[in-house]
Amino acid sequence: KYGEHALVTDDLLEPLDETFVESVRRFGTKASIEFANLDGVAAVVDGRTTTRAARIVWRERERMNIPQLAVSAVAKTGSLLKLLGDAIIRNYQRKEFTPLQKAMAAQSLLDMGMSDDDAAVHVRLTLPKLRQLLDIQGATTEVRDAVNSGRISISAGMFVPSLFRSRRAF
């Protein structure tokens with residue numbers, strides 16, 4: 001079922017960039033897809049977008065009786081935590097994440113039993129910075145948005161909620 005595995009996320013439902021699909025359609029892909037056997041299910045660890053585009057092209061070519069393009073795949077081994085951590089690192093290399101997105105990714109790893117130190121390494125934050133960001137997750141939407149956009153620092157984001165609490169005390 002959809003959503004019952006840690007590697008299943010909402011981005012699987014997002015539409016693909018048609019220029020990327022067209023590129024795979026015309027040239028194939030040189031990127032390897034990494035997968036792992038998790039509880040008897042082949043789960044894509046890295047290359048989900050490439051996999052989705054390749055499946056679209058595969059179906060089109062199959063309907064038209066055109067030879068298929070080769071896509072290389074690599075079987076990965078390791079614990080679910082290690083595989084998730086590796087996938088997070090690769091995603092960070094592809095695009096820029098906001099500080100709170102990093103904290104959310106780290107929180108997912110923590111919820112699965114990863115240590116604070118290991119989670120901080122996987123999301124490329126120092127442990128004190130990660131702890132600050134995890135604290136800010138409970139702040140108001142305005143504070144979180146200000147930290148995410150860079151309008152205020154993480155330290156200021158930590159200070160703002162306590163400032164409002166002390167004002168209410170008077």
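These figures come from a predicted structure and were not determined experimentally.
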### Taking every non-hydrogen atom, the tightest pair across L130 and A106
CD1-CB, 3.5 Å
### Message
For V123 versus A105, what's the shortest heavy-atom pair and its separation?
### Response
CG1-CB, 4.1 Å
### Query
Do L109 and D118 come within less than 4.5 Å of each other through their side chains, counting heavy atoms only?
no
### Query
Quick one: are L125 and L133 in side-chain contact, heavy atoms under 4.5 Å?
yes
### Over all atoms of both residues, closest heavy-atom pair of A54 and V71
CB-CG2, 4.1 Å
### Rounded distance [0.5 Å steps], CE in M114 versus CD in Q107
12.5 Å
### Query
To the nearest 0.5 Å, how far apart are OG in S153 and CD in Q132?
8.5 Å
### Task
Tell me, with the steps shown, if T19 and D17 meet side chain to side chain donor-acceptor pair (under 3.5 Å).
CA-CA 6 Å; T19 53; D17 177 0; 2.7 Å; yes
### Task
Rounded to the nearest 0.5 Å, what's the gap from OG1 on T50 to CZ on F20? Could you check?
3.5 Å
### From CD1 (I136) to CZ (R144), nearest 0.5 Å
10.5 Å
### Task
Measure the CZ-CG distance between R55 and L16 for me, rounded to the nearest 0.5 Å.
11.5 Å
### Message
Is there a path of hydrophobic side-chain contacts, each under 4.5 Å between heavy atoms, that joins V147 and M104?
### Response
no
### Task
Might you point out which heavy atoms bring V24 and A53 nearest each other, and give the distance in Å?
CG2-CB, 4.0 Å
### Query
Under 4.5 Å between any side-chain heavy atoms of V74 and I33, yes or no?
no
### Query
Taking side chain as C-beta onward, heavy atoms only, is D145 less than 4.5 Å from T140?
no
### Message
Assigning hydrophobic clusters by single linkage (Ile, Leu, Val, Met, Phe, Trp, Tyr; side-chain heavy-atom cutoff under 4.5 Å), is V44 placed with I56?
### Response
no
### Message
Give me the atom names and distance for the closest heavy-atom approach of S149 to A146.
### Response
OG-O, 3.2 Å
### Query
Is there any salt bridge (charged side-chain N to carboxylate O under 4.0 Å, His left out) pair reaching into residues 58-71, and which pairs are they, with sequence neighbours excluded?
R25-E60
### Query
Hey, does K76 have a side-chain heavy atom less than 4.5 Å from the side chain of F35?
no
